[in-house]
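What follows is a set of notes on a single structure, which appears directly below.
Naming: A, B, ... by sequence-line order, numbering from 1 per chain.
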Amino acid sequence: MINLKLPINTPKTRLTEQTILTLLNSHCNTLSKLTQIHAFILKTGLQNNPLILTKFTSTSSNLNSIHYATSFLFPPSHTTSTPTPSYDAFLFNTLIRAYSQTRDSKSNSFLFYRTMLRYGVTPNKFTFPFVLKGCAGIGSLRLGKCVHGCVVKFGFEEDVHVLNTLIHMYCCLGEDGFEFAEKVFDDSPKMDTVTWSAMIAGFVRLGCSSRAVDLFREMQVMGVCPDEITMVSVLSACADLGALELGKWVESYVEKKNIPKSVELCNALIDMFAKCGNVDKAIKLFRQMDSRTIVSWTSVIAGLAMHGRGLDAVSLFDEMVENGITPDDVAFIGVLSACSHSGLVDKGRYYFGSMERNFSIVPKVEHYGCMVDLLCRGGFVKEAFEFVQKMPFEPNQIIWRTIITACHATGELKLGESISKELIKSEPMHESNYVLLSNIYAKLRQWEKKTKVREMMDMRGMKKVPGSTMIEVNNEMYEFVAGDKSHDQYKEIYEMVDEMGREIKKAGYVPTTSQVLLDIDEEDKEDALYRHSEKLAIAFALLNTPPGTSIRIVKNLRVCEDCHSATKFISKVYNREIVVRDRNRFHHFKNGLCSCRDFW
DNA sequence: GTAGGGTTAG
C-alpha cells in the first residue's frame with residue numbers, strides 16, 4: 001500500500017495535486033499501483049484536474065493501464081455524478097499516443113481522435129503524427145485517406161513531421177497504399193533524413209528491396225545524411241536480397257561515418273549476416289554487444305536454425321533463459337524451427353510443452369505449424385495429422401501445405417491428393433496449391449490429371465512462380481531464371497553448364513530426372529534440369545570468380561533434389577564452397593557434402 | 001508532448 005501523509009499548514013488542494021503528480025512519477029509501473037493512485041485521486045476529488053488527468057494517461061505504459069486510464073477519463077455514464085472534466089488537446093494527444101504505441105490496440109488512436117473532435121477539441125500539430133501512427137496499424141486505406149483529408153483540413157499538410165508519418169502510414173497499407181506514399185514523397189516540399197528513411201523502409205516492407213537500395217543511393221546523391229535508423233532499413237534490404245558484399249559495405253560505412261551502433265542497428269547487422277550466409281559473423285557480433293535485447297538473441301537463434309545448426313540454436317536458447325531473459329513467442333518460433341530443420345524431434349516436443357508450462361505463453365498457430373513441420377520432417381506424418389486434428393485452431397493453409405509436402409515426400413500420395421483438392425476448393429486463387437497437386441500427379445505418373453490441373457490454373461489466370469536465382473558478383477546482383485538467355489555471357493554460361501554436367505557425371509553424379517514433372521523423354525528431362533536457374537548461376541559464378549573462392553547464391557523457391565545433388569558434386573569437382581539460400585533455409589556445400597545432411 | 005528502424009512456422 002502507498003503510504004501518504006500530508007504535511008500540515010499547506011494549501012490543501014495544491015499540496016494534494018503535487019503529491020499525486022509525484023506519486024504518478026514514481027509509482028506508476030504496475031496496474032495495481034495505478035489503481036491505488038486512482039482511488040486516492042477520487043478521494044481527494046481531484047479527478048477533473050487537467051494536470052493530473054494528463055499525467056495519469058501519459059504514465060500508463062502497458063495496455064492494461066492505458067485501458068484503465070481510459071475508463072478513468074471516460075467513465076461509464078451511470079457512474080458520472082461528477083461534472084465533465086475539462087479536456088484539452090494535450091490530454092487527447094497523450095491518450096492517442098499511448099494507443100499508437102501499443103501492439104494490438106492501435107485502432108483506439110483513431111477512436112479517440114474522433115472523440116476529440118466530438119468534444120469540440122481542435123487537434124494541434126502534435127495530434128496527427130500520433131493518429132497516423134495508429135492508422136498505420138489498422139490497415140484500412142479508406143481510413144488512412146480520411147485522416148489524410150483531416151490533415152489537409154486542419155492545415156498541417158506542410159508539417160514535415162506529419163508528412164513523414166503520412167508516408168509511413170501509406171507504406172503500411174499494402175500495394176494500394178504505397179502509391180499514395182510515393183505521391184506524398186514526390187510532392188514533399190521538405191525532405192529530411194526521416195522522409196527518406198520512411199520511404200526506404202516502405203520499399204523493404206513491400207518486398208522491393210532492390211528499389212530500397214536504389215533509393216538509398218539516390219538519397220546520398222541528394223546529399224541527405226542517413227542516420228542509424230536509415231541504415232537499419234538498408235541492412236534489412238541486404239538481408240532480404242542476400243547481398244553480403246553490400247551488407248559488409250553498409251557495416252564499414254557505419255564505422256566510417258561514426259553512425260551510432262544502437263541495439264537495433266546491431267540486431268539488423270546480425271540478421272543481415274545470418275541471412276547472407278555468414279552466421280559465424282552474426283554470432284561474433286552478438287557476443288561483442290554490450291547490451292542485448294530478446295530480439296538480438298532471437299535473431300541469432302533464428303539464424304542458426306536457418307543454417308541447420310539446431311544444437312547450437314538450442315544451447316543458445318538455453319543460455320538465454322539461464323541469463324534471465326524470458327523468451328517470447330517469437331523466440332519460441334526460432335527454437336522450434338531450429339529443432340525442425342535439424343531433426344531434433346524430442347527437443348522440439350520439449351520446448352513446445354515448456355511454453356505454457358514454464359513461461360505461460362499460449363502457443364499460437366505458428367507454433368503448432370512448427371510442430372507439424374517438425375513431426376513431418378521427422379517422418380511422423382501420421383502423428384502430425386493427428387496433432388492437426390487435435391489442435392485448438394482451424395489449421396491454416398500453411399499447415400495443410402506442410403502436410404501435403406510431407407505426403408509427397410513419403411509417398412502418401414492419395415492422402416496428399418485429397419488434401420490438395422480440398423485446399424484448392426477453399427483457396428482457389430493460391431497457385432502453390434495447384435503446384436502441389438500437380439506434383440503429386442506427376443509422381444503418380446498420371447499425366448492427364450496433371451495436365452488438367454495446369455489447364456485449371458491457366459483458366460483462372462494463374463501462373464507458377466518461376467524459379468529464380470540471384471548471385472552477387474563484384475557488388476552487382478545478377479538474376480537467373482530457368483533457360484535464361486538474357487545475360488551477355490549466356491553462350492559461355494551454357495557451355496560451362498555442359499562442361500559441369502560432363503565433369504560431375506565422371507565423378508558419379510546421376511541426374512534425378514523423376515523430379516522433372518513433365519511427360520517427356522529422359523534425355524529431354526536431363527536437358528530441362530541443366531537449364532535450372534541455380535545451375536546457370538553457379539556456372540556464371542565459376543566463370544566470373546577466382547578459383548577456390550566460395551560461391552553464394554539465393555533461390556526464391558526450395559532447391560530441387562537434382563540441383564541439390566549436382567551442387568554437392570560441383571563443390572567437390574571444382575573445389576568450391578557453395579552456399580545456397582533457398583526459400584526456407586541454407587545449404588552449405590563443401591567437398592561433396594551438404595550441411596543439411598540431405599535433410600530438408 | 002511530434003515522425004522513420006531490429007527477431008516471426010512453409
Side-chain angles (χ1 to χ4, degrees), chain A residues 54-55 57-58 89-94 96-98 100 124-133 136 156 159-169 171-172 192-202 204-205 226-236 239 262-272 274-275 292-303 305 327-341 348 363-374 376-377 396-406 432 436 557-558 582-585 600:
Chain A
T54 312
K55 189 74 203 167
T57 317
S58 69
F90 191 4
L91 176 72
F92 273 106
N93 289 351
T94 312
I96 294 167
R97 177 178 59 172
S100 78
N124 62 18
K125 67 169 180 171
F126 298 111
T127 312
F128 283 106
F130 299 141
V131 180
L132 290 165
K133 197 174 169 184
F156 293 111
D159 182 301
V160 69
H161 288 106
V162 174
L163 281 171
N164 292 341
T165 327
L166 208 48
I167 292 172
H168 167 71
M169 179 202 67
C171 284
C172 292
D192 60 9
T193 303
V194 180
T195 323
W196 287 89
S197 300
M199 206 59 212
I200 292 170
V204 178
R205 187 175 288 114
D227 64 7
E228 75 270 25
I229 297 183
T230 323
M231 298 325 282
V232 168
S233 293
V234 178
L235 283 168
S236 272
S262 62
V263 179
E264 289 87 349
L265 183 60
C266 291
N267 293 346
L269 277 167
I270 289 173
D271 182 53
M272 181 277 294
K275 287 186 180 153
R292 310 177 182 102
T293 63
I294 180 78
V295 178
S296 325
W297 290 88
T298 309
S299 302
V300 186
I301 292 167
D328 63 5
D329 52 337
V330 185
F332 271 105
I333 292 175
V335 76
L336 289 174
S337 81
C339 294
S340 175
H341 286 304
K364 295 184 181 172
V365 69
E366 293 94 325
H367 302 101
Y368 282 90
C370 287
M371 285 307 286
V372 173
D373 189 49
L374 177 86
C376 282
R377 286 177 202 271
N396 62 15
Q397 309 282 331
I398 299 174
I399 291 181
W400 284 127
R401 282 196 283 271
T402 305
I403 295 209
I404 299 167
T405 308
S432 68
L436 286 169
L557 305 172
R558 265 180 57 159
D582 77 5
R583 205 192 146 92
N584 297 342
R585 61 167 296 153
W600 86 97

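- Among the nucleotides B/dT2, B/dG10, B/dG4, the one closest to the side chain of A/S197 is B/dG4.
- Contacts of A/N396 with the nucleic acid, taken as non-hydrogen atoms under 4.0 Å apart, include base atoms.
- Nearest to the side chain of A/P129, among B/dA9, B/dG5, B/dT2, sits B/dT2.
- Residue-level contact check: A/K275 touches the backbone only, with heavy atoms under 4.0 Å from sugar-phosphate atoms and none from bases.
- Here the side chain of A/D373 pairs no donor or acceptor atom with the backbone of A/G369 at under 3.5 angstrom.
- Among the protein residues, A/T230 comes within range of the nucleic acid bases, having at least one heavy atom under 4.0 Å from a base atom.
- An OP1 or OP2 oxygen of B/dG4 is reached within less than 4.0 angstrom by a side-chain nitrogen or oxygen of A/H168.
- In this structure, CD1 in A/I301 is found 9.5 Å from CZ in A/F332, a value given to the nearest 0.5 Å.
- Nearest nucleotide to the side chain of A/R583, out of B/dT7, B/dG5, B/dG10: B/dG10.
- When the side-chain nitrogen and oxygen atoms of A/H341 are compared with OP1 and OP2 of B/dA9, none of them lie within a distance under 4.0 Å.
- Within 4.0 Å (heavy atoms only), A/D328 reaches no atom of the nucleic acid at all.
- The residue A/T94 sits apart from the nucleic acid: no heavy atom pair falls under 4.0 Å.
- The A/R97 side chain lies nearest to B/dG1 when the options are B/dG10, B/dG4, B/dG1.
- At the heavy-atom level, A/F130 lies under 4.0 Å from the strands shown only through sugar-phosphate atoms.
- Nucleic acid contact class of A/A305 (heavy atoms, under 4.0 Å, all strands): none.
- In this structure, of B/dA9, B/dG5, B/dG1, it is B/dA9 that holds the atom nearest to the side chain of A/I333.
- Look at CD1 on A/I167: it is 15 Å from P on B/dA3, rounded to the nearest Å.
- Within 3.5 Å, a donor on the side chain of A/T293 pairs with an acceptor on the base of B/dG6, or the reverse.
- Comparing B/dA3, B/dA9, B/dT7 by their nearest atom to the side chain of A/T165 picks out B/dA3.
- Protein atom CD1 of A/I294 is 14 Å distant from nucleotide atom P of B/dT7, rounded to whole Å.
- Using a 4.0 Å heavy-atom cutoff across all strands shown, A/D373 reaches sugar-phosphate atoms only and no base atom.
- Using a 4.0 Å heavy-atom distance criterion, A/Q397 is classed as making no nucleic acid contact.
- Among the nucleotides B/dG5, B/dA3, B/dT7, the one closest to any side-chain atom of A/I229 is B/dG5.
- Checked by atom type, the side-chain pair A/D227/A/T193 shows no donor-acceptor distance below 3.5 Å.
- No engagement by A/T54 is indicated, since no non-hydrogen atom pair under 4.0 Å with the nucleic acid exists.
- Formation of a donor-acceptor pair under 3.5 Å by the A/T405 side chain with backbone atoms of A/R401 is found in this model.
- Base contact: A/N124 has a heavy atom under 4.0 Å from a base atom.
- Residue contacts for A/V372: at a heavy-atom cut-off of 4.0 Å it reaches no nucleic acid atom on any strand shown.
- Checking B/dG1, B/dG4, B/dG5 against the side-chain heavy atoms of A/E228 singles out B/dG5 as nearest.
- Of the possible donor and acceptor atoms, none in the side chain of A/H168 sits under 3.5 Å from a partner among the backbone N and O of A/A136.
- Heavy atoms of A/R292 sit nowhere under 4.0 angstrom from any nucleic acid atom.
- A/V204 comes within 4.0 angstrom of no nucleic acid atom, judged by non-hydrogen atoms across all strands.
- Checking B/dA3, B/dG10, B/dT7 against the side-chain heavy atoms of A/K133 singles out B/dA3 as nearest.
- Side-chain proximity of A/H161 to B/dT8, B/dA3, B/dG6: nearest is B/dA3.
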